[in-house]
Amino acid sequence: MRTAFRYLRPYGPRVCCGVAIKFTAAILELILPLLLAHIIDVCVPARDLDAIWRTGGLMMVLACGAALCNITANRMAAWVSMEVTRVLRRDLYSRVERLSCAQMDRFSISSLVSRLTNDTYNVHQMFDKVQRGGIRAPMLVLGGLVLTFLRAPALGVVQLAVCGLTFVTIWLVTRRGIPYYTKSQTAVDTVVRIIRENASGVRVIKALACQGRERERFQTANENARRTEETAGCVMAAANPITDFLLNSGLVLVVVVGAVLVNAGRMDAGQIVAFLSYFALIQNATLGMAKIFVKISKGAASLRRIEEIIQAPADQLVRPSEEHADMELGMEDVSFSYLGVEKDLDGASFSLKKGEMLGILGPIGSGKTTLVSLLLRLYDADGGVVWVGGKDAASLGREDLRGRFGVVFQNEALLNDTIYENISFLRGLSREDVIAAAKTAQAWEFIETLPEGLDTRVDIRGANLSGGQRQRLLIARALAAKPGILVLDSADSALDYRTAAALYGAIHRDCPGVTLVVISERIASLREADRILVLEDGRIADQGDHGQLLARCDRYRRMAELQMGGANG
Ligand code: ADP
Ligand code: MG
């Protein structure tokens, strides 16, 4: 909650002003029943039409004043809560952007998304409702009760009892209902996720004829959503009827007790009307208060989830290191584990000079992507030293590292934007640079044939391009900023042999001095490398150049024979 106050503080004057206006409106609303009683008890018996008009007019003025005050204060409240939420969401987003990959893994992407959307919404609701009703509702309840107690204590007791019951009912029912609503929200999220997965994977689903199974999966999720929502609805169904019942019984009680008092000559008949309006006022305000409490408990829980991210300690600190000029890229006995259970990379050591090429080969899950993730400092090694540009990677900040690398990962996404923007990638590169990168990446040949060339729009996930075209755009993106180190993680998997050969030839020709890291399952793509790492189960099983590995590494030789039909000189 300290966070809530910290974010509200800059808007303090506005909030205070809104509170003062609400305060005024509540006082106006509390005067209305008094004037009503005055008309009935004094003006009507005296048949003083003038006084009735005057008092009635005054009541209208007060009612209008209260309405205007409430509208103004509500608008101010809406503005403040929108603004506070905007700032909170901005800070949360920028913290999410700066989370390390390890922290992202720990929080999970879907939870980060729901914190950015659902939770900020709940916090917004809390700020809004508290400002709108946080002063008005308690004031009306308290003012109404005090005025009633002063003039007829017996009626005060009736009102207090009914109010208390209403508050407790709403509080209990909503508290029980909220977990069901949270569950139904999750169930709806699942339905949305399945729809999204099916929409994007629609070709595969059709090709593999698994529509039936998908339909079943959807229907299960849909049924689940219906069931949880039904339960939530059932629990909440009790709330309004019970409070209506309490309101009606309260009205009856007020009239009965009032009538007894009038009979006994201790009260004027008109006052019953005044107390009835107080009662309605108090009852409504009580409902409002109970709802505000529920919003606060929901908002506070969400705020805690947001704080957890905003206050997550910075990891991946930058520490000083010595220089090691020969180590453009390298590792010294590096070990790493994602979950701390088993080692995903174990005892990795190699070194590479500037301008050399590193090849990485190994079966799926052997740690190839993990190895380059450590070079890029997406994760920090648990042990050992990772060298980048002659320095310990741990001594390089994110900006520093980002400028050195160009990288293509597997399953990377394209933007739903022009081809130019997909290659320039929000870096504002010149069209000449983009075209040069596209040429090196062997992408220009198909971009050129498109009617709108570089300005052709790419559909969501690049659905209007072939796999090979998408891959070449991603390679062009990695090349476009002329990086010193280029990392291609399985970037040739969708290219035919001729295009792949042309690609590597063009990179060697157009990017002199670039240090190249290529992960590929094709020996043809790796054979030029100065050093090839053969990975197996997170360990470097062997390393050397093409000739050395052919001579001594069985796995490598078998792959080479399989792929190149023995023509492996
Ligand atoms: P590949 O050689 O296919 O690129 P990876 O480096 O991606 O293999 O994965 C190596 C191992 O690490 C695998 O066992 C994989 O399951 C695991 N792994 C990869 N990424 C993560 C992650 N974010 N969280 C937990 N485990 C991971
Ligand atoms: Mg991989």
Side-chain angles (χ1 to χ4, degrees), residues 1-36 57-94 116 118-148 163 167 170-171 277-278 280-304 306-307 310:
M1 272 299 166
R2 274 232 297 286
T3 312
F5 288 116
R6 203 177 72 235
Y7 276 91
L8 269 178
R9 194 170 305 139
Y11 309 99
R14 251 173 203 266
V15 175
C16 291
C17 190
V19 165
I21 295 176
K22 279 273 170 188
F23 191 83
T24 316
I27 288 181
L28 296 183
E29 285 180 80
L30 283 169
I31 295 175
L32 287 174
L34 292 179
L35 293 178
L36 191 62
L58 184 58
M59 282 181 70
M60 279 308 289
V61 171
L62 293 189
C64 284
L68 280 179
C69 283
N70 279 326
I71 292 174
T72 313
N74 285 353
R75 283 186 165 188
M76 290 171 76
W79 187 87
V80 169
S81 44
M82 271 323 296
E83 199 50 29
V84 172
T85 314
R86 184 186 66 80
V87 175
L88 185 68
R89 203 183 288 128
R90 179 199 67 194
D91 289 358
L92 178 61
Y93 184 75
S94 73
L116 270 163
N118 265 344
D119 288 322
T120 49
Y121 174 77
N122 288 344
V123 171
H124 170 257
Q125 289 286 304
M126 173 176 75
F127 282 141
D128 194 50
K129 292 291 176 295
V130 167
Q131 286 183 84
R132 278 163 181 253
I135 289 297
R136 178 173 179 265
M139 254 192 77
L140 290 184
V141 172
L142 212 71
L145 281 176
V146 167
L147 284 175
T148 313
C163 262
F167 187 87
I170 295 289
W171 175 250
S277 17
Y278 275 138
L281 208 66
I282 294 173
Q283 193 68 2
N284 268 332
T286 310
L287 286 180
M289 259 168 71
K291 284 184 184 152
I292 290 170
F293 273 104
V294 174
K295 292 273 179 214
I296 290 178
S297 73
K298 234 169 130 173
S302 285
L303 201 58
R304 274 196 296 279
I306 293 173
E307 276 172 351
I310 290 183

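Model, not experiment: these values are computed from the prediction.
- The ring pair (Phe, Tyr, Trp, His ring centres under 6.0 Å) test applied to Tyr7 returns no partner, not counting sequence neighbours.
- Using modelled atom types, one side-chain atom of Lys22 and one backbone atom of Arg132 make a donor-acceptor pair closer than 3.5 Å.
- Residues Gln131 and Val15 meet the side-chain proximity criterion, which asks for heavy atoms closer than 4.5 Å.
- Note: Met60 CE to Leu32 CG = 10.0 Å, rounded to the nearest 0.5 Å.
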Apply side chain to side chain contact (heavy atoms under 4.5 Å, CB included) to Ile306 and Arg89, showing your working. CA-CA 9 Å; Ile306 293 173; Arg89 203 183 288 128; over 6 Å; no
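- In this structure, Arg304 does not pair ionically with Glu307, as no charged nitrogen and carboxylate oxygen lie closer than 4.0 Å.
- Side-chain contact between Leu36 and Ser277 is present, with heavy atoms from C-beta onward closer than 4.5 Å.
- Annotation: the span from Thr24 atom OG1 to Leu68 atom CG amounts to 12.5 Å, rounded to 0.5 Å.
- Of all heavy-atom pairs spanning Pro138 and Gly134, the tightest one is CG-O, 3.1 Å.
- Using a 4.5 Å heavy-atom cutoff, the side chains of Lys291 and Val294 are not in contact.
- Note that CG of Leu88 and CG of Leu303 are 6.5 Å apart. Values are rounded to the nearest 0.5 Å.
- Counting heavy atoms from C-beta outward, Ile170 and Thr286 have side chains that stay 4.5 Å or more apart.
- Side-chain contact between Leu8 and Phe127: present, with at least one pair of heavy atoms (C-beta onward) separated by less than 4.5 Å.
- The shortest non-hydrogen separation linking Cys69 to Ile21 is O-CG2, 3.2 Å.
- For the pair Ala300 and Met126, the tightest heavy-atom approach, listed with the atom from each and the gap, is N-SD, 3.8 Å.
- With contacts defined as side-chain heavy-atom distances shorter than 4.5 Å, the pair Phe167/Val141 does not qualify.
- Few gaps surround CZ on Arg90; more than 12 heavy atoms of other groups in view lie less than 6.0 Å from it.
- Under the 4.5 Å side-chain criterion, counting only non-hydrogen atoms from C-beta, Tyr278 is not in contact with Leu140.
- Within the 4.5 Å cutoff, side-chain heavy atoms of Gln283 are placed close to those of Cys163.
- Remark: Ser302 OG to His124 NE2 distance equals 13.0 Å, nearest 0.5 Å.
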message = I'd like to know whether Leu281 forms a side chain to side chain contact (heavy atoms under 4.5 Å, CB included) with Leu30, so could you lay out the CA-CA distance, the side-chain angles of the two residues, the decisive distance to 0.1 Å, and finally the verdict.
response = CA-CA 9 Å; Leu281 208 66; Leu30 283 169; 4.1 Å; yes
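- Taken to the nearest 0.5 Å, the CD1 atom of Ile135 stands 9.5 Å off from the CD1 atom of Ile292.
- By the side chain to side chain donor-acceptor pair (under 3.5 Å) test, Arg14 is found to be paired with no residue, residues two or more places apart in sequence or in another chain being considered.
- The distance from atom CE of Met76 to atom CH2 of Trp79, rounded to the nearest 0.5 Å, is 9.5 Å.
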